[in-house]
Asks: 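The structure under discussion is supplied below as structure tokens; questions concerning it will follow.
Reminder, nothing fancy here: chain letters follow the sequence lines and each chain counts from 1. The figures here come from the full heavy-atom set of this structure, side chains too, leaving out hydrogens, waters and symmetry mates.
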Protein chains: 2
Amino acid sequence: MVTMQDVAKRAGVSKATVSYVLSNSPLITEKTAAKVRKAMDELGYSVNHMARSLSTSRTDTICIVSPALQGNSFSLSMCAYLYALSAAAHNMGYDSLLLTNDSPQALAKAIDARKFDGAILLEVRDNDPRVKVLQQTKFPGVLLGKPRELGGLDYVDSNFEGAASQLVDILADAGHREVLLVGWPRHTYDSGLNFALRFRDTAMIRARERGMDLHMVYSDNEVLGSDLAVKQALLAFPDATAMIIHNDAALVSAQQVFKDLEVEVPDDISVVTLAPDQMATGMRMPFTSMSISLNEVAKSAVEVLDRRIRGHAEGEQCVLVDAQRIDAGSVDTPESND
Amino acid sequence: MVTMQDVAKRAGVSKATVSYVLSNSPLITEKTAAKVRKAMDELGYSVNHMARSLSTSRTDTICIVSPALQGNSFSLSMCAYLYALSAAAHNMGYDSLLLTNDSPQALAKAIDARKFDGAILLEVRDNDPRVKVLQQTKFPGVLLGKPRELGGLDYVDSNFEGAASQLVDILADAGHREVLLVGWPRHTYDSGLNFALRFRDTAMIRARERGMDLHMVYSDNEVLGSDLAVKQALLAFPDATAMIIHNDAALVSAQQVFKDLEVEVPDDISVVTLAPDQMATGMRMPFTSMSISLNEVAKSAVEVLDRRIRGHAEGEQCVLVDAQRIDAGSVDTPESND
DNA sequence: CTGAAAGCGCTTACAG
DNA sequence: CTGAAAGCGCTTACAG
């Protein structure tokens, strides 16, 4: 293994000079720097991160703390987030450690081991014990999600509130009064997954303001490729003239369901959704929707964390990334129905 | 930050002794060890991994090298593998670094940085340039997949060959002669993804041996939740009495397709599949299938890598994990069709 | 059975 | 503008 010492000897300078060249110190002559760089090239030198870390107490690594997969439900957007975060981190010079054990103990232990400079918590819930670990250790961390108690921590998330209001408005503006909200399984709400709660609650409030009857329908048969929530909703509320879908699994099977029941969109029913952009393209989304850019959220999360790590942050950093409205002609006036 | 020195002072011993206690050296008296452990507890000590790594040149971290997501196609099984590997690594005392950039340069750079002890390459292809990086650097690594040129590297994968043969046999034994193989999009095969190739090619050979006409149908419209490969296959080959599905996306939408076309399984057609076990449960798979245990494959991969890292491996390690046959009554004799 | 000491490969004030 | 030196927090022969 070629070390800094080797490079120094070959270039005829000291270790310190090599180190300064590496960090592009302006104090070093261009001539010396060139000499050193040549030596590094010739020897195939690359800095030993363990040694650097010990010296600087920085690892240039962040930890992505993802919830354990409960049972067998792979969430497509979780997975997409993982990738988006890893890519965003990479772009900012960080490697990413993956922690798939969502127990608070595991997080505390990982923090103690000092293998990373900061952590991003995925799918944060209300009363998430991991959040307390972050607070107590005062370790740099950002929440992907916006739980009820923030405890002074930074967070980044999609603006679910804004998206909910906008979707309700789109339907209200078109004149719809009887609307369905197809959501996640009940346990998602019960477990405090705040993105679900924030969307539902804001939609409910906004609907009331707009004089709309919004009927909540929870998914209860979440089978890959045949989530029946949309179907159940349609059967349970035949008078509804429009539907908001906030549930990836239900969304994926929605088109099939409409076909099955011979329901035409938007002639028989208007449909709007909230979905990650990558999923929208993946399924060639035919519905007017508020589109969440996972990459944008991920990028923002890493930026916030980076600022926190470097100590460049004053006060809490709170970012809600707006979803983009995408029209796909799946909304019509209610009069056209039936 | 509390260091080993602090613990040593408090326990009234030397740093060395503390270190020996940490590594459970049998040379230390139980009395001394107890004293040291008490001091560690009281001070809340935990070892600094950066320092340890520098000293031992081990990081206790492995790198999971996953292919970049091309376009927007999230592969459910890729994601499941990520988790399974991370969990398996954790169980064996390794953390996992996630590398989502599949360029060979990125891998080479990551290896140079010495942030991990070994790497696992996901979705290895024939002629995968990452494989060459592993060979050239002689860095511990295992391939998830079995490319044509192994170059002396370790690999672990599902036994796709065995599964293909068994599925053909199941149908042949039931008397089927006209059978469809619904596979992945053509580019999957063209790009040398060997799991697809090995399954297809073995199935073809076995079919010939059994006097079966096996018609390959490639998926060409891979839309999330409505992959049409199964439908196209049925329409293109109305005489087929059975079908093998090897394509997760097609599998997810298969039930809907059968319903759409009012095709009864197994009365109208027999169906068998190859699928990851987690997916099978996720979609409540109603088809007789060869089930791949991702956890088992992942565990095996980490074990192989661990052996390689510790230098306990003699020669190449080659593991093909057998899929499990699961009967779900989706196979009948061809006579019953129509 | 325990301790003093060297070493892992960097970074960074501090002299010069 | 460059170098000698201390230090980051461990591990591990080597003495004793």
Side-chain angles (χ1 to χ4, degrees), chain A residues 1-40 43-61 93 95 111-117 309-311, chain B residues 1-40 43-61 93 95 111-117 310:
Chain A
M1 188 168 54
V2 29
T3 74
M4 201 169 245
Q5 188 59 265
D6 302 329
V7 175
K9 198 187 298 175
R10 175 149 193 145
V13 300
S14 75
K15 272 192 317 181
T17 304
V18 176
S19 179
Y20 286 131
V21 170
L22 232 35
S23 56
N24 289 313
S25 162
L27 297 175
I28 303 287
T29 338
E30 188 41 56
K31 206 169 98 190
T32 313
K35 215 165 49 179
V36 170
R37 269 190 268 270
K38 180 148 165 281
M40 295 200 292
L43 296 173
Y45 173 77
S46 69
V47 36
N48 182 328
H49 264 267
M50 300 185 279
R52 170 177 284 176
S53 289
L54 181 57
S55 187
T56 60
S57 46
R58 281 211 38 181
T59 61
D60 294 314
T61 302
D95 286 319
I111 289 177
D112 272 348
R114 294 178 200 75
K115 279 190 168 185
F116 45 85
D117 303 328
I309 289 172
R310 312 186 103 90
Chain B
M1 188 169 56
V2 28
T3 75
M4 200 167 245
Q5 188 60 264
D6 302 329
V7 176
K9 199 186 299 175
R10 176 149 194 145
V13 299
S14 77
K15 271 191 318 179
T17 303
V18 177
S19 179
Y20 286 131
V21 170
L22 232 37
S23 55
N24 289 314
S25 162
L27 298 175
I28 304 287
T29 338
E30 187 41 56
K31 206 169 96 188
T32 314
K35 216 166 49 179
V36 170
R37 270 190 267 269
K38 180 148 165 282
M40 295 200 293
L43 297 172
Y45 173 76
S46 68
V47 34
N48 183 328
H49 265 267
M50 300 185 280
R52 171 177 284 179
S53 290
L54 182 56
S55 189
T56 61
S57 46
R58 282 212 36 181
T59 61
D60 294 314
T61 302
D95 287 319
I111 290 177
D112 271 348
R114 293 178 200 74
K115 279 189 168 186
F116 45 86
D117 303 328
R310 311 186 104 91

Asks: Is the phosphate of D:dG3 approached by A:T17 (side-chain N or O, under 4.0 Å from OP1 or OP2)?
Replies: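 For A:T17, the contact criterion (side-chain N or O under 4.0 Å from OP1 or OP2 of D:dG3) is met.
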Asks: In whole Å, I'd like the distance from the CZ atom of A:R114 to the C1' atom of D:dG9.
Replies: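 The answer, rounded to whole Å, is 9 Å.
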Asks: Given D:dC1, C:dC10, C:dG9, which nucleotide is nearest the side-chain atoms of A:R52?
Replies: C:dC10
Asks: N/O contacts under 3.5 Å, protein versus nucleotides 4-7 of chain C?
Replies:
| from | atom 1 | to | atom 2 | distance (Å) |
| --- | --- | --- | --- | --- |
| C:dG7 | N2 | B:S55 | OG | 3.3 |

Asks: For A:M1, which contact category applies under a 4.0 Å heavy-atom criterion: base, sugar-phosphate, or nothing?
Replies: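 Touches sugar-phosphate only.
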Asks: Taking only residues two or more places apart in sequence or in another chain, which ones pass side chain to side chain donor-acceptor pair (under 3.5 Å) with A:S19?
Replies: none
Asks: What's the CG-P distance between B:L27 and D:dG16, to the nearest Å?
Replies: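 Checked: the CG to P distance equals 18 Å.
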Asks: Kindly point out which of D:dG9, C:dT12, C:dC1 is positioned nearest to the side chain of B:T32?
Replies: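 Of the options given, the side chain of B:T32 lies nearest C:dC1.
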Asks: Would you say that more than 12 heavy atoms from the other residues, nucleotides or ligands in this model lie under 6.0 Å from the NZ of B:K35, or not?
Replies: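 Yes, because the 6.0 Å sphere around NZ of B:K35 holds more than 12 heavy atoms from other groups.
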Asks: Can you give me the closest heavy-atom contact between B:R114 and A:S46, atom names plus distance?
Replies: NH1-O, 3.5 Å
Asks: Between A:T3 and C:dC8, does any side-chain N or O lie under 4.0 Å from OP1 or OP2?
Replies: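 A:T3 to C:dC8 OP1/OP2: no side-chain N or O under 4.0 Å.
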Asks: For the side chain of A:A51, starting at C-beta, report the closest nucleotide among C:dC10, D:dT11, C:dT2.
Replies: C:dC10
Asks: When Watson-Crick pairs (N1 to N3 and N6-O4 or O6-N4) and G-U wobble pairs (N1-O2 and O6-N3) count only below 3.5 Å on both distances, what is the dot-bracket string of DNA chain D, with | for other-strand pairs?
Replies: |||.||||||||.|||
Asks: Looking at every strand, decide which applies to A:I28 at a 4.0 Å heavy-atom threshold: base, sugar-phosphate, or nothing.
Replies: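 The residue A:I28 makes sugar-phosphate contact but no base contact.
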Asks: Can you name the side chain to side chain donor-acceptor pair (under 3.5 Å) partners of B:S14, sequence neighbours left out?
Replies: B:T17
Asks: Over how many whole Å does the gap from B:M4 atom CE to D:dC8 atom P extend?
Replies: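 After rounding, the reported distance stands at 15 Å.
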Asks: Ignoring the backbone of A:T29, work out which of D:dC10, C:dG9, D:dT2 is nearest its side chain.
Replies: D:dT2
Asks: Return the set of residues passing side-chain contact (heavy atoms from CB on, under 4.5 Å) with A:A33 (not counting sequence neighbours), or none when no residue passes.
Replies: A:V21, A:I28, A:E30, A:R37
Asks: Quick one: list whatever passes side chain to side chain donor-acceptor pair (under 3.5 Å) with B:T61, sequence neighbours left out.
Replies: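 Listed in chain order: A:K115.
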